[in-house]
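This is the structure I want to talk about, given as structure tokens.
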Protein chains: 2
Amino acid sequence: MSERKKVQLKDIAKEANVSVALVSYVLNGQHQNRIKKETAERIKAVAKRLNYRPNHFAKGLKTQKSHTIGLILADLANPFSAQLARIIEDELKKYNYNVLMGSTDEREDKLKDLVDVFTNQQVDGLIILPTENSEKEIVQLHEVDFPYVLIDRYFSDYPFNFVVNDNHSSTYLTTKQLIKNKRKKIGFITIETDLFHFVERKRGFVEACIEAGIDTENRIQEIRFGQLETGVAVGISRLKQVFPDLDALLFATDILTMYGLKYIIQHKLNITNDIEIMAVDEAKFYDIYSTPITYYKQPLEEMGQKAVRFLMSKIEGNNPDAIQEVLKGQLVIR
Amino acid sequence: MSERKKVQLKDIAKEANVSVALVSYVLNGQHQNRIKKETAERIKAVAKRLNYRPNHFAKGLKTQKSHTIGLILADLANPFSAQLARIIEDELKKYNYNVLMGSTDEREDKLKDLVDVFTNQQVDGLIILPTENSEKEIVQLHEVDFPYVLIDRYFSDYPFNFVVNDNHSSTYLTTKQLIKNKRKKIGFITIETDLFHFVERKRGFVEACIEAGIDTENRIQEIRFGQLETGVAVGISRLKQVFPDLDALLFATDILTMYGLKYIIQHKLNITNDIEIMAVDEAKFYDIYSTPITYYKQPLEEMGQKAVRFLMSKIEGNNPDAIQEVLKGQLVIR
DNA sequence: GTGTTTTGTTTAAACGTTTAAACATGCTAT
DNA sequence: ATAGCATGTTTAAACGTTTAAACAAAACAC
């Protein structure tokens, strides 16, 4: 991006009066003990002066390394995916790696395509947020020992590499905190689904309640996905009906919290702040609410970084052991 | 990703009893008129059976095409960037292109690095959301006629390729709409900055006011970046002081809207809905507010798609003319 | 039946690196 | 003097494609 004609090893060699091989050695810092210092300096100087940029294709063809990894997400436009992507990008940069991205829209066929295209493009590794039913695809990677790691989700029946959030602890910790705050009549608003994430979150809530001797009868409102807004409204009003002295509400994810807050504000449900509100997931809009909301923050940084680091050591061939991490997030108490 | 050993042209050739060249021709659909149909079919069948995947490096080395473009954003974790990225990803997929992403954090040195690394990685083109003071870098690209296009921002002093949102119309249209709704005492909350975006947004507001014979004295509250939350609060209360009959508030961007809504809700400023609220930028949390908020929606799809299409035609060498588009968004009236 | 064109296929160089192996020279030890 | 070693550099093959050019055989023209 500066010289008219692409400068290559040959040009440096000619200019420095050495062979192409020597230039390559010097520029890659190989055989340092063998090469005369002055020669090395001279070569480096020339390379710099000519603004040499190695040809990625030629290099890759020989080394079979692209210094690029593929990142397969559910949907890049989704803040969760985007944040994760950013963290991964930054971590990869430390290793001088680039990142090719793609979204699956939760479709296994798209995931398969992306894996195909990316491995084809010779990425050195893959970080995958897997869709449902994509086990077969991952099995393939696993079997040929292609460097990969799953994030955010895993398949409990398979020995895959993964780094995920502990969804159970998300609600377990928040509920514990509510109980610690002397709340007894807690309502839990979640989504009606078999998705592992939410099953775990429900389990976390129930477990914390049981441990505290609170029975969970009628406390859990599961909202159908298609009608979140009205669902949340109905859910909260139903809770209020069953428990007139409701003193806490826990929302299983940010979108539910949003509709929950909307309903609460609109119906002036909580002007005396007798109901403590907690949430899973971080969200900007919590600030809108009059009182601070304590929430469970997913360990995104840790997740992204661990995934990258594992992948890197796998690629560099350092340690070939597996990784299976379930990371706990933290309670942001406010 | 399925055979143990990577299958290459040579293997197909052997299996099909032809030369490597012929295989290459067939697989690339070249010399179709010359090659015997049966031979072609046979070769294709073998390629399929062996699950042949061309080696990206070797191919690139010869063709100098990577079928990859670089996307340089401000911050992938920012929903605006992420949405744009997703749109661009989708549009590029239609052309069978992949995308390498990077964030600048609004730093010109990072932008330079990314341009370096990406062009080095032999991307076929670049889509750049430029930071301030990155003109020099873009000049370089422009001069060597490297396929690129700027998005969201441009430099009015340079003949660069760009596709951007019309920031002026964002506030112009919303203000016009307010006036159409018979609002007369309009307050405008914006950020104190010289950034082109916001200068334009201010200009749009002022122009719409002037056209309607409304004087803008004291109507514009410019908030310093470091203290948005308190700034917005002070701004609104000051407006209320100067205009006790304030009947509309326009926010120049989503974060301001958020703090604005917080203040309004907290101070029960707008229970009778005598103040109409409008905003620039789409945001999920608008739904929290009791009354629907009309907003200006940036033409993200159009922006991303036009940028990609231009780049593609540039890369394919079709039409070498420039592009300089200022796209109008739409008012989402609610 | 010879020259030309058409049809079908192959040869071989090239793309820009990396790297094992060879080479050359000087030094050391005997 | 000479083998052996250390130091410094070069030669040349290889990576897996693409593609211009050459070649061969068949079909056509006259």
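So you know, we letter chains A, B, ... as the sequences are listed, proteins then strands, and number each from 1. Just so you know, these numbers come straight off a predicted model, no measurement behind them.
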Where do B:K93 and A:D113 land on the salt bridge (charged side-chain N to carboxylate O under 4.0 Å, His left out) test, with the steps shown first?
CA-CA 11 Å; B:K93 193 165 295 164; A:D113 278 357; over 6 Å; no
SB check A:R53 B:D116 (cutoff 4.0 Å)
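Looking at B:D116 together with A:R53, the answer is yes, because their closest N to O distance falls below 4.0 Å.
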A:E91: what forms a salt bridge (charged side-chain N to carboxylate O under 4.0 Å, His left out) with it, not counting sequence neighbours?
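With sequence neighbours excluded, A:E91 shows a salt bridge (charged side-chain N to carboxylate O under 4.0 Å, His left out) to A:K94, A:R309, given in chain and number order.
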Nearest-neighbour nucleotide for the B:S24 side chain, D:dT18, C:dT17, D:dT17 considered
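Per side-chain heavy atoms of B:S24, the pick is D:dT18.
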Nearest-Å distance for atom pair CG/P, residues A:L9 and D:dC15
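Distance, rounded to whole Å: 19 Å.
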What is the distance from NZ of A:K6 to P of C:dG16, rounded to the nearest Å?
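In whole Å, C:dG16 P lies 10 Å from A:K6 NZ.
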Can you list every pair that meets ring-ring contact (aromatic ring centres under 6.0 Å, His included) and has a residue in residues 26-60 of chain A, with sequence neighbours left out?
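Sorted result for residues 26-60 of chain A: A:Y25-A:H31, A:H56-B:F57, A:F57-B:H56.
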With a 4.0 Å limit, can you tell me whether B:K59 has a side-chain N or O closer than that to the phosphate oxygens OP1/OP2 of D:dT18?
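Affirmative; the distance criterion is met.
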Restricting to pairs with a member in residues 70-123 of chain B, which pass ring-ring contact (aromatic ring centres under 6.0 Å, His included), not counting sequence neighbours?
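Those involving residues 70-123 of chain B are B:H67-B:Y97.
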Heavy-atom protein contacts under 4.0 Å, nucleotides 7-14 of chain C, coded B base, S sugar-phosphate only, - none:
BBSBB--B
Rounded to whole angstrom units, what separation is found between the CG atom of A:L27 and the P atom of C:dT17?
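In whole Å, C:dT17 P lies 10 Å from A:L27 CG.
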Tell me: CD of A:Q32 to C1' of D:dT7, nearest whole Å?
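Rounded to whole Å, this separation is 15 Å.
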Electrostatic pair A:R107-A:D105, nearest N-O below 4.0 angstrom:
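Looking at A:D105 together with A:R107, the answer is no, because their closest N to O distance does not fall below 4.0 Å.
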Would you please say whether a donor-acceptor pair under 3.5 Å links the side chains of A:S103 and B:E89?
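The criterion, which ignores hydrogens and geometry beyond distance, is satisfied for B:E89 and A:S103.
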What is the bend of the helix from C:dG1-D:dC30 to C:dT30-D:dA1 when you compare the axis at one end with the axis at the other, using five pairs each and rounding to 10°?
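Comparing the axis at each end, I get an angle of 60°.
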What side chain to side chain donor-acceptor pair (under 3.5 Å) pairs are there with at least one residue in residues 148-165 of chain B, not counting sequence neighbours?
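For residues 148-165 of chain B: B:E106-B:R153, B:H142-B:Y148, B:D152-B:H197, B:N165-B:Y296.
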D:dG16 P sits how many Å from B:N28 CG, rounded?
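So the two atoms are 17 Å apart, to the nearest Å.
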Between A:S66 and A:D124, a side-chain donor and acceptor under 3.5 Å
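Result is yes, a qualifying pair exists.
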What is the distance from NE2 of B:H67 to P of D:dT17, rounded to the nearest Å?
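Between P of D:dT17 and NE2 of B:H67: 16 Å.
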Atom CD of A:Q8 and atom P of C:dT17: how far apart are they, to the nearest Å?
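Value for this atom pair: 5 Å.
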Please report, rounded to the nearest Å, how far the C1' atom of C:dT17 is from the CZ atom of A:F57.
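Going from A:F57 (CZ) to C:dT17 (C1'), I get 13 Å.
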